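As the structure is a computational prediction, the values presented were derived from the model and not from experiment.
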Number of protein chains: 4
Amino acid sequence: MPDRNFNEASHAPKRRRRRRKEARPAELIEAGLLEFSEKGFAATRLEDVAARAGVVKGTIYLYFDNKEALFRAAVRSNVLPAIDSVTHLLDAYQDDTESLLRLAFQTIYARLISGEVRIILRIVLAEGPRFPEILEFYHANTISVAKRLIRRILERGVARGEFRADLDVEQPLVVAAPAIVAGLWMTTFDRLEPLDIEAYSRAHADIIMNGLLRRP
Amino acid sequence: MPDRNFNEASHAPKRRRRRRKEARPAELIEAGLLEFSEKGFAATRLEDVAARAGVVKGTIYLYFDNKEALFRAAVRSNVLPAIDSVTHLLDAYQDDTESLLRLAFQTIYARLISGEVRIILRIVLAEGPRFPEILEFYHANTISVAKRLIRRILERGVARGEFRADLDVEQPLVVAAPAIVAGLWMTTFDRLEPLDIEAYSRAHADIIMNGLLRRP
Amino acid sequence: MPDRNFNEASHAPKRRRRRRKEARPAELIEAGLLEFSEKGFAATRLEDVAARAGVVKGTIYLYFDNKEALFRAAVRSNVLPAIDSVTHLLDAYQDDTESLLRLAFQTIYARLISGEVRIILRIVLAEGPRFPEILEFYHANTISVAKRLIRRILERGVARGEFRADLDVEQPLVVAAPAIVAGLWMTTFDRLEPLDIEAYSRAHADIIMNGLLRRP
Amino acid sequence: MPDRNFNEASHAPKRRRRRRKEARPAELIEAGLLEFSEKGFAATRLEDVAARAGVVKGTIYLYFDNKEALFRAAVRSNVLPAIDSVTHLLDAYQDDTESLLRLAFQTIYARLISGEVRIILRIVLAEGPRFPEILEFYHANTISVAKRLIRRILERGVARGEFRADLDVEQPLVVAAPAIVAGLWMTTFDRLEPLDIEAYSRAHADIIMNGLLRRP
DNA sequence: CATGAATGAGCCTTCATTCAT
DNA sequence: TATGAATGAAGGCTCATTCAT
């Protein structure tokens, strides 16, 4: 049970009023994210979300119009940050493209392990068909950006003569796919057959790099 | 003319719409498969499943104990056949491993396009966490078998000196991952950004093969 | 499971046609009686009744219009016979009234133990309020007759100077009540606290006889 | 669907019918008690119970887990108080045992007429076989206590030389039976043949007392 | 006569949503 | 802001009843 005893305190010990106004929804979004990812949209009960956030059911409606609004907010919440960090990498990079791509892989796997990204990914795949809007949003803000990113790396490698000249740079998804599958695996089959993420990511980088690099 | 119903019978004879005498359970499973994949388990209404199969709600219970039993049956229905065809390929193969793997890729993509496999895959990923039993079943009967298959191909390649000696044959998932991602893409983002499955699968085979083969 | 294999036999091995026509409903009534007494009217499933009689659900409708009709038939079935035997006793009796009443008690308890009577009694008490018709029927054919019977015995005892002159012969129910309670006990609390029916019926006869007889 | 109070209502703010601020569960139990006794457990519709209590169906589930829980609560509600009052009688009694027993009879009949006790008794007898738990509870808290009570009175009478020495004090049920039967009669056959409760209870006390007392 | 597949109405139960406090 | 009691609309499941075979 989270702390709920600072409510009646006349002087909030921590946050200013302006912050509090955003603190509550954030808690609800966080709680919603977890519930939705565990149960799916339809099977998630707002009562459980509320309990997880330490409030009662009705309180949710102070911040969100309805269940779907909360769902959308939850999905949107953690999407953007995941991309930016990788994007900046590329712009300023000076070294050879192999190490750049390996760096990108490292970043991706680090994020996969953290959990947030995995959860959202699974939710989007699971509920996407019923929420085209979310699908669109996720595609535009995550998938599409990530694809473009990989593609630019591929183009860079080809342009600099590092990658094979006959590479189809239009298919960056192929290059990233093993990481995506790893993320899905960790939210599904991992309990049945744990994935050695270390060895897996090494094999991923190894095979793909080998497949991309120009033969000497 | 029947001197029996001379009374107040004002209603038409109301002939039952009799379908082809196909197996009922199979029709229901088929209908369930589609509904579940569209809406997810919780949001699927048995009434809709029944309607899709041309019967009424109650009829489902003549063949399945409850909603979950139907769900399980739907998932199980199309799992087994998908594997066998590929397995046989390997046992009798005589040619070089590259062409063997390319053949395997071809088979995989052909199945992905057909739809059935894709649907099940998405359902399992989406609802898996709430149905450990199904996850287990699918893992044991599909994922696991497929992984082992790819691994044997990799081992064959290495053993015959065709693939790189330092290849980590313990990570066959990396090799197959792009195909899995393609399958998922087609059930989610394809409407937003259609995947050129031809080019994609070519790039997949191209990059991976290049990554696996020994350098001359 | 009763025999169901004589159905397709072209030559019925046992009964003539006329008998069979009554044999089936009797089986259903018997089965219904048991089910109704165990579960009550509403909770009894015709499927269970049918199974108990070795037929399928639909067959019941060949003999009874609906569930209620079967229920009525079941209740009626074993009512009449229970009374007659006692009635005849009285008419021809020559001995003293004490032994006559003791004989009646014996008969009543013998029947209580057999079960049929008990079951019906419980059903009538349980479902009576919703089936006034049955209540009426049972009252007219069983309760009322039994009451009149006891009353006549009481009157006989008073008339012959054997029973107390100030006895209220209008309340025969008081005299029979312990037997009724015994019957109910055996269908309800007996598992929790078994009734020593021997000692109980002796105490019943003892106390009541003592209460009825004239003081010397 | 949503707000409907701004529309065609000419006036009337449509205030919720707010009952007296009585305890909700108690109202529901009261309503349930009546419905169950009229229709039996299976045939009782929670919608009717709710309507009787002035709420909607769903409200019941705020206080009770399910139909059965409500049923149990209804049975329990009126059991305990019914016993205590009689128990106290015995402990402090100083007078002769005949008047003590007559007093006990009076109390019992007074309660029978009030209705609550009768209703519960009938419910327990009717639904008992399907609710062993309730049967047990009722037996332990009512039947058993009442039996012990009567027995103690009988023992007192015998010990003081007031009742016959050869009395079987192990069968107190025989002594109380006529009252039980009266209670059942009033919930079943009374409409068909009204019971003169005055005369009946007098006959009961008269015969039983006569049967118990030592002959001079 | 009997079957068994199918129907359709009904009820229990859940839960998103509302609202007076 | 937050609560919690209450609502009302579904949806899962059951089962009496029907009917073609």
Item checked: Rounded distance (Å) that lies between atom P of F:dG12 and atom CZ of B:Phe64 -> 15 Å

Checklist line | Integer-rounded Å distance: E:dC11 C1' and D:Lys67 NZ | finding: 8 Å

Checklist line | N/O donor-acceptor pair under 3.5 Å between C:Arg72 side chain and C:Ile134 backbone | finding: no

Next item on the list: Determine the Euclidean distance between corresponding P atoms of F:dT21 and E:dC1; express it in Å to zero decimal places.
Entry: 22 Å

Notebook entry, point to check: At under 4.0 Å, does any side-chain N or O of B:Thr59 touch on OP1 or OP2 of E:dA6?
Noted result: no

Notebook entry, point to check: Which is true for C:Leu46 with a 4.0 Å heavy-atom rule: it touches a base, it touches only sugar-phosphate, or it touches nothing?
Noted result: sugar-phosphate

Next item on the list: Could you say whether C:Arg45 or C:Gly58 is positioned toward the 5' end of DNA chain F, judged by the nucleotide with the nearest heavy atom to each?
Entry: C:Arg45

Checklist line | Residue matched to E:dT21 through Watson-Crick or wobble contacts both under 3.5 angstrom | finding: F:dA2

Checklist line | 5'-most by nearest nucleotide on DNA chain E - D:Phe41 or B:Leu62 | finding: B:Leu62

Notebook entry, point to check: Just to confirm, is there a sub-4.0 Å distance from OP1 or OP2 of F:dT14 to any side-chain nitrogen or oxygen of B:Tyr61?
Noted result: no

Next item on the list: Please report the closest heavy-atom contact between B:Pro25 and B:Tyr63, naming both atoms and the distance.
Entry: CG-CD2, 3.6 Å

Margin query: Here's a test of your reading of the structure: between D:Ala42 and B:Tyr63, which maps to the more 5' nucleotide of DNA chain E?
Written below: B:Tyr63

Notebook entry, point to check: For E:dA6, does OP1 or OP2 lie under 4.0 Å from any side-chain N or O of B:Arg24?
Noted result: yes

Margin query: Can you say whether a donor on the side chain of A:Lys57 sits under 3.5 Å from an acceptor on the base of E:dT17, or the other way round?
Written below: yes

Check: For E:dC12, what is the paired nucleotide under Watson-Crick or G-U wobble rules, both distances under 3.5 Å?
Finding: F:dG11

Next item on the list: Using whole Å, report how far CD1 of A:Ile60 lies from C1' of F:dT1.
Entry: 15 Å

Item checked: Nearest listed nucleotide, side chain of A:Asn66, among E:dT17, F:dC15, E:dG8 -> E:dT17

Next item on the list: For B:Glu68 and F:dG11, give me the distance from atom CD to atom C1', rounded to whole Å.
Entry: 16 Å

Margin query: Tell me whether the NZ or CZ atom of D:Arg76 lies within the 45° cone about the ring axis of D:Phe137 and under 6.0 Å from its centre.
Written below: yes

